[in-house]
Every structure is written in structure tokens, then in C-alpha cells.
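Only one structure is covered here, and it is reproduced in the block below.
Letters A, B, ... mirror the listed sequences (proteins, then strands); counts begin at 1.
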There are 2 protein chains.
Amino acid sequence: MSEDMETTPGSATIARLRRELARGTTELAVLSVLSVRRRYGYELLKVLRETGEGVLEVKEGTLYPLLHRLEDSGHIRASWEAEGRARPRKYYVLTPDGRAYLGMLRAEWGGLVDGMRQLLDTLGEVQEWPTSGRSSTTTRKESDAT
Amino acid sequence: MSEDMETTPGSATIARLRRELARGTTELAVLSVLSVRRRYGYELLKVLRETGEGVLEVKEGTLYPLLHRLEDSGHIRASWEAEGRARPRKYYVLTPDGRAYLGMLRAEWGGLVDGMRQLLDTLGEVQEWPTSGRSSTTTRKESDAT
DNA sequence: CTTGATACCTTGTCACGCAAGGTATCGGGT
DNA sequence: ACCCGATACCTTGCGTGACAAGGTATCAAG
């Protein structure tokens, strides 16, 4: 009665698709937010959820390990701070090292975006590119069956 | 004697960085190229190497499995074709299904790019965002030391 | 006292990208 | 004749990030 979960192996693809595309973006997003001012983890979660139409939404299981990794590599530094409350918050700040790293990440992202745009732009024009000199081989060819 | 490979655990990061960022992009790139006309695997390798300043360069170990996956999911179809040569080429064409999928992918990519741009843009202005009605909590607060 | 929000965390699974390896054909060089 | 590099296809195994799912603890409402 209650086991009607999706047996369609190509329908929930949309989620995986989004996930794979966003890969690596999370780091860029987090560091970018931190580049303005310090934030604590849960706050980052909310900031990213509000910004960019939710496209950059990060899950807890993603964020916390990421923060730890970034801390280990010295890109950010953490500090517990109890501003009067019993439950202290863990604030993260960008280190100079992290700022440099962020620059690299940004450049890399920019390059990728440019590359993709360039590819999508040239798509209409691409007809032939230099390989050995053949031109009219693939264009007119209808000997294939099936 | 000969084991002096990079012991620097944060220096070759640039490659991993690029790799993780480009994740998922490959599919988009490949399908986009195929949306113009059919291509065979090795050809795709070269096309992607030439386009976009090499940012979208794909390795064989990536492309071939990807093509097989796309074929399995019905997004592309393959056909061996020996145009007179002993070694036939395996040509891939986009199926209608694949074209629709490509549309989705494109939209998703566009959304991500927009989201990122939006995030990077708002970075300077973000001061407070609505959570439950508190306004002057995070904004005016300079009791933090260190 | 149970529920939901806040706030931190972990383990295991999935899927992609790639290094590294393999096969086979073909055109040159020497 | 031989080898090398390009062409052209393929595979297995490792590394890695995203996430589902789970766990702990505080606190305010109901």
C-alpha cells in the first residue's frame, strides 16, 4: 500500500543534475559570503538559502564538513563565541590565505562560465575546423540505415 | 631514490579545484556539441579541446563512460560507421529525448550562473535579511573582540 | 511535555572525473 | 622490416564532494 516510491530511473535525475552541476560552487559561495564579514555555520545556511533564488542552497551535511575542510587547509579560522547565550556559536572568518584562494576560485569560475558561453555561442557557426582538409564528408551522407 | 612526487598537500589543488568545478559541465558541453550534428567520440575530444580556451577539456576516461551513460538513458544513439576505412567510427546523435534533456540542463546551468552572479553582486550590500522580525540585532553589534 | 526552531555534528552512499592501463589500425621515418 | 605517434575505441580503481539520515543540546511556545 505504501511502497509507491519512484521506480522511474530517469525522473529524479533533476536533483542529481542540479547537485552535480553545483559541485564546487558551494565552496565559492561560502567563501564569498565570508569575505564580507564573519558568519556562523547555521547563519551561512540561511544566507545561502535566501540568496540567488535558492539555487545555491546548501544542506547541513554538506556545509559542516566543508567548513572543517576549509579550516584544516587554513582558508578560514573558527572561534566559539557565547554572546551571553548558553549555546555558543562558532564563527568563521576568512584568513588572508583564504582570501587569495577565493581569488583563484573566482577566476576559475569565471573561466568556466566564459568557456561555456563561448561554446554555446559558436555552436551555430561551427561547420568545420582544421583536421586534415575534408569538408563535404559528414554533411551529405545518407548511407546509414537503421 | 625516485620518489619525490609532490609532497605539498595544498599545491596541486588547482587541478582538483578545476575538476570539481567543471563537474556536470561535461555533459552539457557534449550534448551541446551533439545538438549541432553527429560526432564520434574522438572527434568530440578534439572539438572540446579546441573550444573555450581548453577550459572544457575532457579526458578519454571521462568521455567514453559518459557517452555510454547517455546512450543507456536514451539521450543519444550510437551507430558504427565504416566510411571505407577498416577501423569504423562510432557516431553519436542526439535523440529527441536528449534534446529535451539538454534544454533542462541549459536552464539549470543558466540558473546556477545567475544565482552565483547575484550572490557576488549582493555581497557588498547585504547587511540584514528577514528572519523573524529582529532588525537591529546583527546590524548594530560591535561588542565582538579579537 | 511535546514540538519546532536554533545550532552544532557524523557516517555511509552515490556518481563523476580521471589516471593508468589496454587493444587495434595506419602513416611515416630510418 | 621495424618502431613510433596519431587515431580510435575501451576498462578498472581511486579520490572527492554533496547529501540523506541520523544524533546531540538549548530554548521558546503551546
* Min side-chain heavy-atom separation A:Y40-A:W80 under 4.5 Å -> no
* Send over the distance from A:E43 CD to C:dA7 P, rounded to a whole Å. => 8 Å
* **Between D:dA8 (C1') and B:Y91 (OH): distance, integer Å** => 11 Å
* Counting only side-chain N and O atoms of A:K59, is one of them less than 4.0 Å from OP1 or OP2 of D:dA21? -> no
* To do: Just say parallel, tilted or perpendicular for the rings of B:Y101 and B:H75, cut-offs at 30° and 60°.
  => parallel
* To do: Check the pair B:T25 / B:L56 against side-chain contact (heavy atoms from CB on, under 4.5 Å), numbers first and verdict last.
  => CA-CA 8 Å; B:T25 299; B:L56 316 146; 4.0 Å; yes
* Sugar-phosphate only, base, or nothing, as touched by A:R87 at under 4.0 Å among non-hydrogen atoms -> base
* Whole-Å distance separating the CG atom of B:L105 from the C1' atom of C:dC16 -> 14 Å
* Structure fact -> Whole-Å distance, B:L45 CG to C:dA19 P, equals 12 Å
* Indicate, yes or no, whether a donor-acceptor pair under 3.5 Å links the base of D:dC9 to the side chain of B:E60. => yes
* To do: Indicate if B:V93 and B:I76 have the same hydrophobic cluster label, given that clusters are the connected sets of ILVMFWY residues with side-chain heavy-atom separations under 4.5 angstrom.
  => no
* Using atom OH of B:Y40 as one end and atom P of D:dA8 as the other, report the distance to the nearest whole Å. => 4 Å
* Take the protein atom CG of A:L44 and the nucleotide atom P of D:dA18, then report the distance between them rounded to whole Å. => 14 Å
* A:R89 CZ to C:dC9 P: how many Å, rounded? -> 14 Å
* Structure fact -> Assign each of A:E20 and A:Y92 the nucleotide of DNA chain C bearing its closest heavy atom; nearer the 5' end lies the nucleotide of A:Y92
* **Of A:R85 and A:G24, the one whose closest DNA chain D nucleotide lies more 5'** => A:G24
* Do the side-chain N or O atoms of A:T62 get closer than 4.0 angstrom to the phosphate oxygens (OP1, OP2) of D:dG17? -> no
* Check against side-chain hydrogen bond (donor to acceptor under 3.5 Å, both in side chains), A:E43 and A:Y92 -> CA-CA 11 Å; A:E43 195 184 6; A:Y92 289 98; over 6 Å; no
* **Strand contacts (DNA chain D) in residues 64-76 of chain A, 4.0 angstrom heavy-atom criterion** => A:R69
* To do: Answer yes or no: is there a side-chain heavy-atom contact under 4.5 Å between B:E27 and B:L66?
  => yes
* Asked: Are B:R117 and B:D114 ion-paired here, with the side-chain N under 4.0 Å from a carboxylate O?
  -> yes
* Atom-to-atom span, OH of B:Y42 to C1' of C:dT23 - whole angstrom -> 14 Å
* Structure fact -> Side-chain contact check for A:R19: nearest option of D:dA18, C:dG17, C:dC9 is D:dA18
* Please name the residue in the list B:R89, B:R38, B:K90 that meets the side-chain hydrogen bond (donor to acceptor under 3.5 Å, both in side chains) test with B:E81. => B:R38
* Examine the base of C:dG17 for any acceptor or donor lying under 3.5 Å from a partner atom in the side chain of B:R23, and report the outcome as yes or no. => no
* **N/O (side chain, B:T26) to phosphate O (OP1/OP2, C:dG17) under 4.0 Å** => yes
* Taking only side-chain nitrogens and oxygens of B:K46, does any of them come within less than 4.0 Å of OP1 or OP2 of D:dA6? -> no
